[in-house]
Amino acid sequence: SDLPLITSLKSEGKTVISEIEFAAKHTSATLIGITGTNGKTTTTLLTYQILKDAGFNVGIAGNIGKSFALQVAQLHYDYYVLEISSFQLDDTINFAPHISVITNISPDHLDRYNYQFDNYIKAKLNIVKNQTKKDFFLFNSEDTILRSFLKKHKIKAKKISLAANNPKQGVAAIKDHIII
């Protein structure tokens, strides 16, 4: 953030963390983090509804619904589905969702990233930076920008690529309304 207070604290060497990071430290719930330039709200709502309809004790937060930290303080969920913007990922240090999802990446909010598209991409990839081999990373394998960036960066989580067209081995896709 470029708010004067935040800028001042950072210039003094103070650590500033996002609300997502703060709340995650205070829950043992399984976290499902969803980010991307487009489609994150829809994906978050669908994931939440699928889990809720399946009978799971699930909350929804992040860039949608009530504050994640408020829910962690007042409620108890076994799972949280979190819509997470690049802004919220900027100030994460140890945040590591068990399942992370990147829907796609295209130039957006570049004014916040000094008009450097790579800086925006790196902010989005903060969602996977602390994941381990026990975690899962789902991504849109048809997104050429994301695919190219992933070739250059090691991801520890188990990668699950998703595609709507041209299914390849190890890729989930839909053909004639059947998931392959």
Side-chain angles (χ1 to χ4, degrees), residues 1 3 5-6 9 14-106 108-109 112-113 120-141 143 146 150 155-164 172 174 179:
S1 174
L3 293 171
L5 175 61
I6 302 298
L9 288 170
K14 306 285 188 218
T15 301
V16 176
I17 62 172
S18 72
E19 185 242 359
I20 297 294
E21 175 90 20
F22 176 78
K25 290 180 180 200
H26 298 282
T27 182
S28 60
T30 298
L31 304 180
I32 302 165
I34 300 170
T35 195
T37 305
N38 301 298
K40 59 186 172 293
T41 301
T42 301
T43 304
T44 301
L45 288 168
L46 286 170
T47 303
Y48 167 77
Q49 196 63 50
I50 289 167
L51 292 172
K52 186 174 179 179
D53 289 351
F56 288 93
N57 179 27
V58 60
I60 188 169
N63 209 32
I64 190 171
K66 293 183 181 174
S67 158
F68 181 31
L70 180 65
Q71 290 185 58
V72 166
Q74 295 180 344
L75 305 167
H76 173 77
Y77 290 112
D78 298 321
Y79 299 86
Y80 279 99
V81 182
L82 305 171
E83 177 188 334
I84 309 173
S85 71
S86 59
F87 304 157
Q88 292 167 310
L89 288 166
D90 278 337
D91 293 316
T92 57
I93 299 167
N94 298 308
F95 177 68
H98 179 60
I99 300 168
S100 65
V101 178
I102 298 181
T103 58
N104 55 49
I105 296 182
S106 60
D108 198 12
H109 306 297
R112 182 178 169 100
Y113 297 98
Y120 174 70
I121 296 169
K122 287 175 187 171
K124 288 293 189 185
L125 284 173
N126 278 342
I127 199 165
V128 298
K129 77 177 179 183
N130 296 310
Q131 286 188 298
T132 69
K133 62 184 179 180
K134 295 178 182 178
D135 300 317
F136 299 90
F137 170 46
L138 288 69
F139 66 97
N140 177 358
S141 63
D143 186 308
L146 181 56
L150 290 175
I155 307 295
K156 295 176 194 161
K158 180 176 179 174
K159 291 189 278 189
I160 300 172
S161 60
L162 305 169
I174 298 175
I179 297 176

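The shown structure was predicted, so the numbers you read here are calculated from the model rather than taken from an experiment. For reference, positions follow the sequence shown, starting with 1.
Interatomic distance, CD1 of Ile155 versus CG of Leu125, reported as 6.0 Å (0.5 Å rounding). With rounding to the nearest 0.5 Å, the separation of OG1 in Thr44 from CG in Leu82 is 8.0 Å. Interatomic distance, Ile34 CD1 to Leu45 CG, rounded to the nearest 0.5 Å: 9.0 Å. With values rounded to the nearest 0.5 angstrom, Phe139 atom CZ is found 8.0 Å from Leu162 atom CG.
Residues Tyr48 and Ile32 form no side-chain contact, since every pair of their non-hydrogen atoms from C-beta on lies 4.5 Å or further apart.
In this structure, the side chain to side chain contact (heavy atoms under 4.5 Å, CB included) partners of Leu75, at least two apart in sequence or on a different chain, are Gln71, Tyr77. Listed by chain and number, the residues in a side chain to side chain contact (heavy atoms under 4.5 Å, CB included) with Lys14 are Leu9, Glu12 (sequence neighbours excluded). Under the side chain to side chain contact (heavy atoms under 4.5 Å, CB included) criterion, Asn104 pairs with Thr37, Asn38, Asn140, Asp143, not counting sequence neighbours. Evaluation of the side chain to side chain contact (heavy atoms under 4.5 Å, CB included) rule for Ser67 yields Glu19, Ala69, Leu70 as partners, not counting sequence neighbours.
Using a distance-only test at 3.5 Å, with no hydrogens or angles considered, a donor-acceptor pair links the side chain of Lys124 to the main chain of Gly36. Judged by distance alone, with hydrogens and angles left aside, the side-chain atoms of Thr35 form no donor-acceptor pair with the main-chain N or O of Ser85 at under 3.5 Å.
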Under 3.5 Å, sequence neighbours excluded: what are the donor-acceptor pairs made by side chains of residues 92-100?
| unit_1 | atom_1 | unit_2 | atom_2 | d |
| --- | --- | --- | --- | --- |
| Thr92 | OG1 | Leu89 | O | 2.8 |
| His98 | ND1 | Asp135 | OD1 | 3.1 |
| Ser100 | OG | Gln131 | OE1 | 2.9 |
| Ser100 | OG | Gln131 | NE2 | 3.4 |

Cut-off 3.5 Å, no hydrogens considered: what does the side-chain donor-acceptor table look like for residues 50-66, sequence neighbours left out?
| unit_1 | atom_1 | unit_2 | atom_2 | d |
| --- | --- | --- | --- | --- |
| Asp53 | OD1 | Gln49 | NE2 | 2.9 |
| Asn57 | ND2 | His76 | O | 3.1 |
| Asn63 | ND2 | Glu83 | OE2 | 3.4 |

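Residue Lys156 qualifies as open at atom NZ: its count of foreign heavy atoms under 6.0 Å is 12 or below.
Here the shortest heavy-atom pairing between Ile20 and Phe68 reads O-CE2, 3.8 Å. Across every non-hydrogen atom of Ile84 and Gln88, the tightest pair is CA-OE1, 3.4 Å. Summarising the geometry of Ala123 relative to Asp90, their closest heavy-atom pair is CB-OD1, 3.3 Å, with the distance given to 0.1 Å.
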